[in-house]
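Every number for a ligand or one of its atoms is a count from 1 in the order of the listing.
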Amino acid sequence: MSHDSVEHEAGTVSLDPTGERYDLVIRGERVLTTAGIRPREVGVRDGVIVAMQPLGNNLDGDEVIDLAADETLIPGLVDTHVHVNEPGRTEWEGFASATRAAAAGGVTTIVDMPLNSIPPTISVEALNIKREAAQGQTHVDVGFWGGAVPGNTADLRPLHDAGVFGFKCFLLHSGVDEFPPLDADEMEVDMRELTTFDSVMIVHAEDSRAIDRAPQPDGDDYGKFLASRPRGAENLAIAEVIERARWTGSRAHILHLSSSDALPMLRSAKQDGLKLTVETCPHYLTLTAEEIPLGATQFKCCPPIREAGNRELLWEGLEDGTIDFIVSDHSPSTLDLKDLENGDFAVAWGGVASLQLGLSLIWTEARQRGLALETVVSWMSDRPAQFAGLTGKGRIAPGYDADFSVFAADDAYVVDVNKLHHKNPLTPYHGKALAGVVRRTYLHGEVIDSETPRGRLLRRGMTD
Ligand SMILES: [Zn+2]
């Protein structure tokens, strides 16, 4: 991939000034370029953007698409936190269904988490099993995280060389026995190992000792569940990650930030120059503990959805850059594991299903806060792509993959869980009215039809 073309005049450039035909030209008044939303024509050849010219230049294409007046062409979203669960727990979620849901939500790249599938992605052999399971059934591009568990330090470098994007660890029980947690000292050892090949440790930061000593969750009362996963447990674990990153010089990433209490120390660590990044998720930004009904275990996730005041501070953290980006943490299970009949938060699987809805959820909330579509899309495409080192993803610019969606920002819909594409029909957002409709999604310059899987399996550093 070459990015040596210079961008002139607010996003107008061509890698190919010869006037040849393009496979696809998309043109419209609203194309989200690196310089903002502009009237543009985008020329695509062999699945890659090769021309960006002012609207009216009439680029010649085998197929020419004119956007409707209410449509914006946005880069395909990049969701670096998805639990696909195949193989091993394919009844929870699989590559075909997850990537259909992704495409319907405008997401063209996902990076799959190393746990909940069996085997977990903690060795090259396990990675190969996962890749074989995914091969030929993905509707979007798919990359993989590796896992750091006790005893697999020697597997980290081979996994890196095999193309994983980094390594996930837990600091408390992960929810599945085959993916055990590290203690802080073990995490430090692995962080030191990762510095030798400049990989990143991505951490589920809740402290096991603090959770063990917290009140136990009990029954259908969300308040009791919330009390069982206190902010203090999250704050303590985040402090540990920060210090171990400081001591080792390792890149570190805080997954699914929920506790706003941690924002000042994250801000301070970033000011100190630590290689630290932070993500949060739509459920922490759009839902509140106060509104969760008795027994509504579709809202259960860890760390938990907290109070309205906490949510406000997370939005501030996003706007000031302490939080780098937004990803789904799509983590579904079968309906029986959500214990819907009893609604017992103590026994229900923890995980929110939302892969298809992220853009509309965040856009609905963000526009009320006066935030621009460009900002929202950057949080969900460009920033996560940069974080994962996906150099050809997340922007509409020459040299980038022709992954787009056509987004009608002022259109609206009501979420019907039975029309979503993920495997098990449960989501906390059923019945919600949302702004912003994804009308079509393109992968490598072709519309995703949800029948012909054209997704690629990505490796770190792969450039085509
Ligand atoms: Zn997760």
Restricting to side chain to side chain donor-acceptor pair (under 3.5 Å), what partner residues turn up for Thr109, sequence neighbours left out? none
Please test Ser117 against Lys130 for side chain to side chain contact (heavy atoms under 4.5 Å, CB included), starting from the C-alpha separation and ending with a verdict. CA-CA 8 Å; Ser117 55; Lys130 206 156 198 183; 2.8 Å; yes
Please check if atom CZ in Arg213 has more than 12 non-hydrogen atoms from other residues, nucleotides or ligands closer than 6.0 Å. no
Run through the protein N/O/S atoms less than 2.8 Å from the Zn ion (ligand 1) and write them out by chain and number. His81 NE2, His83 NE2, Asp329 OD1
Under the salt bridge (Lys or Arg N to Asp or Glu O under 4.0 Å) rule, what pairs show up with a residue in residues 232-242, not counting sequence neighbours? Glu234-Arg306, Glu240-Arg244
Mind jotting down which residue pairs meet the ring pair (Phe, Tyr, Trp, His ring centres under 6.0 Å) criterion with at least one end in residues 367-392? Sequence neighbours excluded, please. Trp145-Phe387, His253-Phe387, Phe325-Phe387
Consider only side-chain N and O atoms of His256 and His204, and report whether a donor and an acceptor are under 3.5 Å apart. yes
